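Since we're looking at a predicted model, the values are computed, not measured. Only heavy atoms go into these numbers, but all of them, side chains included; no hydrogens, no water, no symmetry mates. Here, residue 1 is the first one in the sequence, and each next residue gets the next number.
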Amino acid sequence: MTRLPLSRSGRTALEVATRAAEEAGSLLLDQMYRERQLSYKEGRANIVTEADMAAEKEIIGLLQHEYPDHNILSEESPRIANGSQYTWVIDPMDGTNNYAYGIPHFSVALALVGDEEVLLGVTYDPVRKEVFAADRGGVARLNGQPIAVAERTSVEHAFIGCDMGYEPEAGARVLDIVRATWPRMAGLRVMGSAVLGLAYVACGRLDGYIHPSLYPWDLAGGILLVQEAGGVVTGWEGEPVGISSKRVVAGSKAIQPQLLGLVRGEYQPGLESA
């Protein structure tokens, strides 16, 4: 387990991240069914709500109190650069479209990165009160209990999650992948939250997750969650990923080669053991 600096209040970085995520999640729940205004960032589907901004302000305020010298990279605000080796990467609400339309499937995500390596990650689902957490060299946990990726070894028996992102051509590619495979799998879910998609791979609810166009705040904590739960996250060509990667595939070590075959258009059902 990587040793990280304590906060000004004496809490560990994981404790601080968990508290920040839970407080932001509580705020999101409180505002969920209020009348709201939507703003559009890029295109007709990439929206931001007042709740996103309020949750982000809550998180940044807490982090700056506990770790005033750390850098902060967040989805909705300019980067805060303090020259530190540590950077907090924040998604104050992943699944904003779900949230805006009243679908209770969204999350808050924080990660701490040191010199480009993800050191800890926290994903919080405020609806289900679920905290997914991991630190490097430790154990991935859900509400304090160890979790692990699923043990299924065949795409034909797998439950797979995906999202299309906001880039039309990339999203169309995901639909092509699904069309080529369906219905030769156990099930498919379009998540609407990449952060929860990766968390669900880590705890075995999904066997795999595919996304064509991610951002650091979507990905940073999820990489570590899946890895510490015994799984693998790669690019679509099987290359290693970092927080700036875009196209990712996540799954167990056993099923990952088949998932990569799917995205390459090379997967042939029935050849899992070949």
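For NE2 of His105, the number of neighbouring non-hydrogen atoms (other residues, nucleotides, ligands) closer than 6.0 Å is greater than 12. With a 6.0 Å radius and a threshold of 12 heavy atoms from other residues, nucleotides or ligands, Lys253 has its NZ atom at or below the threshold.
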Identify every side-chain donor-acceptor pair in residues 217-230 under 3.5 Å, counting partners at least two apart or on other chains, and give the distances.
residue: Asp218; atom: OD2; partner: Tyr215; partner atom: N; Å: 3.0
residue: Glu228; atom: OE2; partner: Gly137; partner atom: N; Å: 3.1

Below 3.5 Å, can you tabulate the donor-acceptor pairs from side chains in residues 186-207 to any protein atom, sequence neighbours excluded?
residue: Ser193; atom: OG; partner: Asp94; partner atom: OD2; Å: 2.7
residue: Ser193; atom: OG; partner: Ser107; partner atom: OG; Å: 3.3
residue: Ser193; atom: OG; partner: Leu196; partner atom: N; Å: 3.2
residue: Arg205; atom: NH1; partner: Glu130; partner atom: OE1; Å: 3.0
residue: Arg205; atom: NH2; partner: Glu130; partner atom: OE1; Å: 3.4
residue: Arg205; atom: NH2; partner: Glu130; partner atom: OE2; Å: 2.7
residue: Asp207; atom: OD1; partner: Arg152; partner atom: NE; Å: 2.9
residue: Asp207; atom: OD1; partner: Arg152; partner atom: NH2; Å: 3.2
residue: Asp207; atom: OD2; partner: Arg152; partner atom: NE; Å: 3.0
residue: Asp207; atom: OD2; partner: Arg152; partner atom: NH2; Å: 3.2
residue: Asp207; atom: OD2; partner: Phe159; partner atom: N; Å: 2.7

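Val131 and Val108 fall within the same hydrophobic cluster, where Ile, Leu, Val, Met, Phe, Trp and Tyr residues are linked whenever their side-chain heavy atoms come under 4.5 Å apart, directly or through other members. Side-chain heavy atoms closer than 4.5 Å link hydrophobic residues (I, L, V, M, F, W, Y) into clusters, and following such links, possibly through other members, connects Leu119 to Leu14. Linking Ile, Leu, Val, Met, Phe, Trp and Tyr whenever their side-chain heavy atoms come within less than 4.5 Å leaves Met164 and Val248 in two separate clusters. Connection of Tyr99 to Tyr33 is established within a shared hydrophobic cluster, with ILVMFWY side chains joined at heavy-atom distances below 4.5 Å, either directly or through further cluster members. Connection of Val233 to Ile243 is not established within any shared hydrophobic cluster, with ILVMFWY side chains joined at heavy-atom distances below 4.5 Å, either directly or through further cluster members.
Rounding to the nearest 0.5 angstrom, the gap separating the CG atom in Leu120 from the CG atom in Asp135 is 6.5 Å. Atom NZ of residue Lys57 and atom CG of residue Asp52 lie 15.0 Å apart, to the nearest 0.5 angstrom. To the nearest 0.5 Å, atom CG of residue Leu62 and atom OH of residue Tyr67 are 10.5 Å apart. Summarising the geometry, atom CH2 belonging to Trp88 is positioned 12.5 Å from atom CD1 belonging to Ile60; distances are rounded to the nearest 0.5 Å. Here Asn98 contributes atom CG and Met93 contributes atom CE; the two are 10.0 Å apart, rounded to the nearest 0.5 Å. Atom CD of residue Glu66 and atom CZ of residue Arg11 lie 5.5 Å apart, to the nearest 0.5 angstrom.
Scored by the salt bridge (charged side-chain N to carboxylate O under 4.0 Å, His left out) test, Glu56 finds no partners at all (sequence neighbours excluded). Every residue two or more places apart in sequence or in another chain was checked for a salt bridge (charged side-chain N to carboxylate O under 4.0 Å, His left out) with Arg8, and none qualifies. Residues satisfying the ring pair (Phe, Tyr, Trp, His ring centres under 6.0 Å) test with Phe132, not counting sequence neighbours, are none. For Gln256, the side chain to side chain contact (heavy atoms under 4.5 Å, CB included) partners at least two apart in sequence or on another chain are Val232, Thr234, Val249, Leu259, Leu260. Scored by the side-chain hydrogen bond (donor to acceptor under 3.5 Å, both in side chains) test, Arg173 finds no partners at all (sequence neighbours excluded). The side chain to side chain contact (heavy atoms under 4.5 Å, CB included) search around Leu6 returns Thr12, not counting sequence neighbours. By the side chain to side chain contact (heavy atoms under 4.5 Å, CB included) test, Thr181 is found to be paired with Val155, Met185, Leu262, residues two or more places apart in sequence or in another chain being considered. Looking at residues two or more places apart in sequence or on another chain, you find a side chain to side chain contact (heavy atoms under 4.5 Å, CB included) between Pro146 and Val139, Arg141.
With a 4.5 Å cut-off on side-chain heavy atoms, Ile72 and Ile90 count as touching. Using a 4.5 Å heavy-atom threshold, the side chains of Leu29 and Val127 count as touching. Inter-residue side-chain proximity for Ser26 and Pro126 is flagged as unmet; no heavy-atom pair is nearer than 4.5 Å.
Screening residues 229-242 for salt bridge (charged side-chain N to carboxylate O under 4.0 Å, His left out), with sequence neighbours left out, gives Glu237-Arg264. The list of side-chain hydrogen bond (donor to acceptor under 3.5 Å, both in side chains) pairs with a residue in residues 240-249, not counting sequence neighbours, is empty.
A donor-acceptor pair under 3.5 Å links the side-chain atoms of Ser252 to the main chain of Ile255, judged by distance alone. A donor-acceptor pair is defined here as one N or O able to donate and one able to accept, closer than 3.5 Å; no such pair exists between the side chain of Asp115 and the backbone of Tyr86. Listed for the Gln258 side chain is a donor-acceptor partner under 3.5 Å among the backbone atoms of Thr153. Asn82 places no side-chain N or O within 3.5 Å of a backbone atom of Ser84 that could act as its donor or acceptor partner.
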Derivation of the side chain to side chain contact (heavy atoms under 4.5 Å, CB included) call for Thr18 and Tyr124: CA-CA 8 Å; Thr18 301; Tyr124 180 52; over 6 Å; no
